[in-house]
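Report on the following structure.
Since the structure is predicted, the reported quantities are computational estimates derived from the model, not experimental observations. Letters go in sequence order (proteins before strands), and every chain restarts at 1.
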Protein chains: 2
Amino acid sequence: MNKAEILIIDDEPQIRKLLEINLESNNYKVWQAENAKEGILMAANHPPELILLDLGLPDKSGHEVLKELRTWYNKSIIILSVINNEKDIVQALDNGATDYLTKPFRNAELLARIRSAIRRNQTDNTESKKVCGDLEIDFVSRTVKRNQEILKLTATEYNLLLLFAKNEGRVLTHQYILKEIWGIGAQLETQYLRVFVGTLRKKIEQNQNQPLHIITESGVGYRFE
Amino acid sequence: MNKAEILIIDDEPQIRKLLEINLESNNYKVWQAENAKEGILMAANHPPELILLDLGLPDKSGHEVLKELRTWYNKSIIILSVINNEKDIVQALDNGATDYLTKPFRNAELLARIRSAIRRNQTDNTESKKVCGDLEIDFVSRTVKRNQEILKLTATEYNLLLLFAKNEGRVLTHQYILKEIWGIGAQLETQYLRVFVGTLRKKIEQNQNQPLHIITESGVGYRFE
DNA sequence: TTAAGATTTAAGATAGATTAAAGGACAAAT
DNA sequence: ATTTGTCCTTTAATCTATCTTAAATCTTAA
């Protein structure tokens with residue numbers, strides 16, 4: 001499982017550093033922005049699992065940032081603020097904040113609220129899946145459908161298909177595929193790969209003699225479309 | 001649109017009255033329970049949109065009530081408590097509390113947090129029973145029927161079936177199932193799982209040799225349909 | 001055209017899955 | 001306190017699916 005990514009938008013370097021240390025030691029990947037403009041840009045380019053937003057930013061009110069984010073960003077946003085003012089808390093929550101903590105905050109509590117917020121994300125989210133023509137690969141449920149029918153793939157076949165699907169359009173060398181699927185010791189066992197490409201094609205291709213999904217790049221490897 | 005229903009579980013009459021007045025004037029329908037037993041019963045009979053749960057109940061610890069509710073209730077639960085103790089807050093949030101407010105709380109803030117919690121609810125659906133083909137699982141009464149006949153399942157069998165039912169269509173790895181049912185120390189005891197899948201199949205499958213509900217994903221785990 | 005590369009098939013080996021059954025822990029009933 | 005019965009754990013035998021390997025056949029690129 002990958003690390004959950006958290007974006008901190010706060011202008012105080014000490015706070016950012018404190019959060020960075022605590023979050024990274026709890027296995028989160030941390031991104032940082034020191035003003036509203038930068039924060040919105042970063043969130044847009046690379047949407048994180050959760051945003052920690054300070055209300056007191058230099059270039060724009062945090063409430064405005066929150067509203068702007070909420071026009072398109074629907075994961076968790078937790079407000080951090082020195083303002084312990086009822087009106088601000090109410091306004092932030094009504095504008096779609098997931099939670100509100102006043103500084104100084106207790107670290108364990110922040111972590112618990114982050115876990116709670118991320119947990120909630122995961123159930124709300126629509127499942128991530130990939131559709132390639134007649135194929136539909138569901139990464140969460142670990143199932144593959146072709147024309148709505150569930151395909152019966154072995155563990156190795158599924159792993160191979162997953163690798164292909166995550167590198168759609170890219171030529172993968174035999175060596176690379178062998179290393180990823182069978183481990184670093186198997187990079188010369190090209191034969192394994194050929195057999196498994198065979199069985200996979202039998203299951204996912206309409207016409208085995210003219211494969212549309214797994215394309216052979218002779219002398220190099222395979223490409224998935 | 002109907003009024004959203006809120007269940008208050010708190011033993012202090014003054015607090016209940018205060019909440020009742022405030023919530024009803026904000027267009028919520030309010031239900032009240034003065035102890036854990038009554039609260040759980042009311043929640044089961046008539047699942048509300050949100051539960052306000054006091055941690056200091058006379059008959060049972062609020063943490064236990066929370067855990068019990070969370071086995072089947074997946075809408076919002078906001079904790080109200082006089083305890084402003086970091087450990088309790090963390091524990092409650094990790095047990096699935098949506099939010100945590102310490103008494104005395106500010107009324108407008110509570111209302112904002114309630115709005116926020118209810119807003120988040122609307123995407124995920126609560127259901128107290130699940131029908132899968134000839135199977136009918138009732139999460140509240142913890143009973144399972146097949147073709148209208150009540151099946152006699154042991155505690156472990158029921159827990160396993162519950163886990164499967166809540167992850168319908170998804171492949172669950174052996175490790176994950178073992179962790180969920182037998183706890184974090186049992187992740188290598190694949191054999192337990194196999195035995196229990198065997199006994200479960202005997203009870204829920206029409207034809208044991210061609211299981212329709214619990215599908216084996218060899219080398220990976222099981223999938224429930 | 002020819003050598004290297006790719007596919008296909010099938011059989012043996014291995015890891016994984018099912019099933020039955022016995023012993024132990026525990027709770028309910030006597 | 002003893003018995004009874006249920007459920008859980010553990011072991012072992014058997015069965016099955018999957019992986020590996022080799023060999024025959026086909027395709028591609030120089």
Any A:Lys202 side-chain N or O less than 4.0 Å from OP1/OP2 of C:dT9: yes

Length of the line joining A:Arg194:CZ and D:dC19:C1', which is rounded to integer Å: 18 Å

side-chain contact (heavy atoms from CB on, under 4.5 Å) partner of A:Ile8, chosen from A:Leu52, A:Leu53, A:Leu80: A:Leu52

Interatomic distance where CD belongs to A:Gln210 and C1' belongs to D:dT27 [whole Å]: 14 Å

Least distance between heavy atoms, B:Tyr158 atom then B:Phe139 atom: OH-CA, 3.7 Å

Side chain proximity check, A:Leu163 to A:Phe224, heavy atoms < 4.5 angstrom: no

Charged N-O contact under 4.0 Å between A:Lys145 and A:Asp138: no

Stepwise salt bridge (charged side-chain N to carboxylate O under 4.0 Å, His left out) test for B:Arg113 and B:Glu109: CA-CA 6 Å; B:Arg113 287 187 187 268; B:Glu109 179 176 351; 3.1 Å; yes

B:Leu178 CG - D:dC8 C1' separation (whole Å): 14 Å

Separation of C:dA10 C1' from A:Phe196 CZ (nearest whole Å): 14 Å

For atom CD1 of B:Ile215 and atom P of C:dG16, their distance in whole Å: 21 Å

Reference residue B:Phe196; test side-chain contact (heavy atoms from CB on, under 4.5 Å); the match among B:Asn159, B:Leu160, B:Ile181: B:Leu160

Lys/Arg-Asp/Glu bridge criterion (N-O < 4.0 Å) met for A:Glu149, A:Arg146: no

Watson-Crick/G-U partner (both atom distances under 3.5 Å) of D:dA30: C:dT1

Selection: residues 218-225 of chain B, any non-hydrogen atom under 4.0 Å of DNA chain D: B:Ser218

Phosphate OP1/OP2 of C:dT7 contacted by A:Arg201 side-chain N/O (<4.0 Å): yes

Within 6.0 angstrom of B:Gln14 CD, more than 12 heavy atoms from elsewhere: yes

Side-chain N,O (A:Tyr192) to OP1/OP2 (D:dT21) below 4.0 Å: yes

Whole-Å gap separating C1' (C:dG16) and NE2 (B:His174): 8 Å

Presence of B:Thr216 side-chain N/O under 4.0 Å of C:dT18 phosphate oxygens OP1/OP2: yes

Whole-Å distance separating the CG atom of A:Leu193 from the C1' atom of D:dT20: 14 Å

Donor-acceptor pairs under 3.5 Å, side chain of residues 209-219 of chain B to any protein atom, not counting sequence neighbours: which ones?
residue: B:His213; atom: ND1; partner: B:Glu225; partner atom: O; Å: 3.1
residue: B:His213; atom: NE2; partner: B:Asp134; partner atom: OD1; Å: 2.9
residue: B:Thr216; atom: OG1; partner: B:Arg201; partner atom: NH2; Å: 2.7
residue: B:Glu217; atom: OE2; partner: B:Arg223; partner atom: NE; Å: 2.9
residue: B:Glu217; atom: OE2; partner: B:Arg223; partner atom: NH2; Å: 3.1

Closest listed nucleotide, where the reference is the side chain of A:Val195 and the choices are D:dA22, C:dA20, C:dT7: D:dA22

Minimum-distance nucleotide to B:Trp182 side chain [options: C:dT7, D:dA12, D:dT9]: D:dT9

DNA chain D contacts made by residues 153-164 of chain A, counting heavy atoms under 4.0 Å: A:Thr154, A:Thr156

Mutual orientation of the aromatic rings belonging to B:His174 and B:Tyr222 [parallel < 30°, tilted 30-60°, perpendicular > 60°]: perpendicular

For atom CD1 of A:Ile181 and atom C1' of D:dC19, their distance in whole Å: 14 Å

Check: C:dT8 base within 3.5 Å donor-acceptor of A:Gln191 side chain: yes

